[in-house]
Amino acid sequence: MLMVKDATTVWGNCLQVIRESIGEQSYKTWFEPIVPTSLVNNVLTIQVPSQFFYEWLEEHYVSLLKKVIFQELGSEGRLEYSIIVDRGNAANKPQTVNLPTKKIPQAVVNSYQPEQQVIRNPFESKTIDRNYLNSQLNPSYVFENYIEGDCNRLARSAGYAVANKPGTTSFNPLMVYGGVGLGKTHLVQAIGNHIKSHAPEKFVLYVSSEKFVNQFVESVKTNSMQDFANFYLLVDILIIDDVQFLSGKEKTQEMFFHIFNHLHQSGKQIIMTSDCPPRDLKGLEERLLSRFKWGLTADLQSPDFETRMAIIQKKMQSDGIDIPENVIEYLAYSVDTNVRELEGVLISLIAQSSLNRKEIDLELAKNALKHIIEDVETEVNLDFIQKTVAEYFNVTLDSLKAKTRKKEIVTARQVAMYFAKEYTSHSLKSIGYHFGGRDHSTVIHSVQTVSDLIDTDKKFKASIQELQKKFKSKNS
Ligand code: ADP
Ligand code: MG
């Protein structure tokens, strides 16, 4: 009697061999989702969930696959992939494209050695149980204590939408950007915490880009990049903070690109933050940047006066501390840079009050915050800084606000921005505006550049100190 082989049986036999040849986690990730669809003329077709999946299989398992196909179907046997390119819906069937496997010489197939025993690392565990995976979220960052204002309305409501329907809104990826201390980390963690409490079966993971890079580098050292990838592919909601940190790290970006594609194609949610808009992210690959723009990009601005008032009130309320309205107003007026600074001021005020056993009143607030709010009442303003710095560097006042990229002018401009940040209460946005309509990330960059130069260049440091005296004497 002639045995008619069918796709399921053949693939089942292949799987037995594959399972014995590779790690459990790799098997689960890469082979369990495969569905055998047909066996015609010794061509076995298997359906894979995405293009990325296909590429990964071809890159990492092609010789193993060749070998098992050879064992099952003989030298005439071939493998073809059917790749889902559109998952379809109730009315439309999923769309697929078919691709053959790579042609590789038989000698390579014959010489195939099963994977070596996988080295243990944090990502590879035979008993990986998603319920025990730690989300790395800070439970105190929630929507309930995230004050809404004009400065964050779009980002917050998009975040809330994503939190309620991760992976199914068009906000995928969701990219939140803004300067330091404006609430990026709080917002994206609030999304994560919300999902965790409403959909506990989902694996939410928060990771800073810095940690992601370090983990990746470590996995390269221990030759366990695949386990690294496998781990991230388990995630349902990936929150990756401060992606500007990936800048210039090409290999990590490549890995992130694959993880991103795979998660995105399988309908998983990706949430990112950055300190500047994607278009200004230097040192990031174009293909990565273009994907960042697939979903929604929303920015956080410095909070306006009313929002600052509300934030102070909320913080005081949750700490059980009462402070008079006029003090709240005074603080909200004086500290207009970012929320983190505002919080710092509040903490120091509370400390002063309890150390000196004094009620918090306007006088105490003024005293306690002298060093921070000086600029509110002094003569050191933007104009004075620009004029003084221009004179010092012997450039014209206008050139500071012009487009020119001449080196000496750029330096003068950066120094002036640095002092504006240091000695006035202008927000980054406002500083940028007063330097010919530059945006806040340019200001951040300038401040950083100057700080770096102060640390590394003695002569430069001396000039800065000389200038500093001019502003300080004016202040006292
Ligand atoms: P970033 O990540 O943008 O540097 P964070 O998210 O760390 O900023 O925010 C700095 C601090 O300000 C945190 O303690 C955060 O809770 C607080 N914060 C920021 N925005 C808000 C807001 N809209 N409402 C309440 N607290 C906020
Ligand atoms: Mg942050």
Side-chain angles (χ1 to χ4, degrees), residues 135-160 162-163 174-194 204-214 238-247 271-278 280-281 297-321 323 328 331-332 334-351 372 421 427-429 439-441 443-445 447-448:
S135 282
Q136 313 288 339
L137 288 165
N138 177 343
S140 57
Y141 287 140
V142 289
F143 278 109
E144 288 70 31
N145 58 16
Y146 194 75
I147 303 288
E148 181 171 356
D150 286 341
C151 55
N152 61 28
R153 206 176 308 282
L154 173 66
R156 190 185 186 281
S157 52
Y160 197 68
V162 165
L174 175 65
M175 161 70 102
V176 177
Y177 73 90
V180 289
L182 293 183
K184 301 183 293 293
T185 299
H186 188 143
L187 177 59
V188 296
Q189 292 229 13
I191 301 172
N193 280 314
H194 186 95
V204 181
L205 183 72
Y206 169 87
V207 65
S208 69
S209 297
E210 185 169 6
K211 185 163 171 189
F212 186 84
V213 170
N214 292 340
L238 179 63
I239 304 171
I240 177 155
D241 208 355
D242 291 315
V243 292
Q244 74 275 2
F245 195 81
L246 299 179
S247 153
I271 301 161
M272 296 177 288
T273 77
S274 150
D275 68 353
C276 61
D280 293 343
L281 277 168
T297 302
D299 69 331
L300 295 176
Q301 302 280 343
S302 294
D304 52 53
F305 182 75
E306 286 75 21
T307 312
R308 297 199 295 273
M309 290 275 291
I311 289 174
I312 300 172
Q313 270 153 352
K314 185 92 189 176
K315 298 272 172 210
M316 291 291 137
Q317 196 189 337
S318 67
D319 288 353
I321 291 166
I323 57 175
I328 299 181
L331 296 174
S334 310
V335 188
D336 67 352
T337 43
N338 68 54
V339 185
R340 188 174 296 149
E341 203 156 293
L342 198 56
E343 281 183 352
V345 167
L346 286 176
I347 291 167
S348 93
L349 182 57
I350 294 167
I372 295 164
K421 173 85 181 56
S427 64
L428 295 169
K429 211 179 144 196
D439 68 14
H440 77 282
S441 62
V443 182
I444 294 175
H445 176 74
V447 172
Q448 190 60 48

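Note that ligands are numbered from 1 as they come in the structure, with each ligand's atoms numbered from 1 the same way. Here, residue 1 is the first one in the sequence, and each next residue gets the next number.
Among all protein heavy atoms, the one lying closest to atom 17 (C) of ligand 1 is Glu343 OE2, 3.3 Å. Nearest protein heavy-atom neighbour of atom 24 (N) of ligand 1: Ile147 N, 2.8 Å. Atom 15 (C) of ligand 1 has His186 ND1, 3.3 Å as its closest protein atom, hydrogens excluded (heavy atom only). Scanning the protein for heavy atoms near atom 8 (O) of ligand 1, the closest one is Gly183 N, 3.1 Å. Residue, atom and distance of the protein heavy atom nearest to atom 2 (O) of ligand 1 are Thr185 OG1, 2.8 Å. What sits closest to atom 7 (O) of ligand 1 on the protein, heavy atoms only, is Arg340 NH2, 2.9 Å. In this structure, the protein non-hydrogen atom closest to atom 26 (N) of ligand 1 is Lys315 NZ, 3.6 Å.
Closest of all the heavy-atom pairs between Ala190 and Val142 is CB-C, 3.6 Å. Nearest heavy-atom pair, Cys151 versus Thr307, reported as atom, atom and distance to 0.1 Å: SG-CG2, 4.0 Å. In terms of heavy atoms, Ile312 sits closest to Ala332 at CD1-N, 3.8 Å. Of all non-hydrogen atoms in Phe143 and Ala163, the two that sit nearest each other are CE1-CB, 3.9 Å.
In this structure, CG in Asp241 is found 3.5 Å from OG1 in Thr185, a value given to the nearest 0.5 Å. Taking OG1 of Thr273 as the reference point, atom CE of Met175 lies at 7.5 Å (rounded to 0.5 Å).
Near Val180, meaning under 4.0 Å from any of its heavy atoms, are these atoms of ligand 1: 4 (O). Close approach of ligand 1 to Lys184 (heavy-atom distance below 4.0 Å) involves ligand atoms 1 (P), 2 (O), 3 (O), 4 (O), 6 (O), 8 (O). Within the listing of ligand 1, atoms 23 (N) sit less than 4.0 angstrom from a heavy atom of Asn152. In the vicinity of Tyr141, heavy-atom distances shorter than 4.0 Å reach the ligand 1 atoms 16 (O). Within the listing of ligand 1, atoms 3 (O) sit less than 4.0 angstrom from a heavy atom of Gly179.
The part of Asn145 lying near ligand 1 is the backbone, judged by heavy-atom distances below 4.0 Å. If you look at Glu148 next to ligand 1, there are no close heavy atoms at all, none under 4.0 Å.
With 3.5 Å as the limit, one finds no donor-acceptor pair spanning the side chains of Asp242 and Ser209.
Between Ile191 and Leu174, the closest side-chain pair of non-hydrogen atoms falls below 4.5 Å.
The Mg ion (ligand 2) lies at 2.8 Å or more from every N, O or S atom belonging to Thr273.
Lys314 does not count as a contact of ligand 1, since none of its heavy atoms falls under 4.0 Å from the ligand. Close to ligand 1: Gly181, with a non-hydrogen atom less than 4.0 angstrom away.
Note: no N/O pair closer than 3.5 Å links Val339 and ligand 1 by distance alone. Annotation: Tyr146 places no N or O atom under 3.5 Å from an N or O atom of ligand 1; distance criterion only.
For Tyr160, the OH atom is loosely surrounded, since the number of other residues' heavy atoms within 6.0 Å does not exceed 12.
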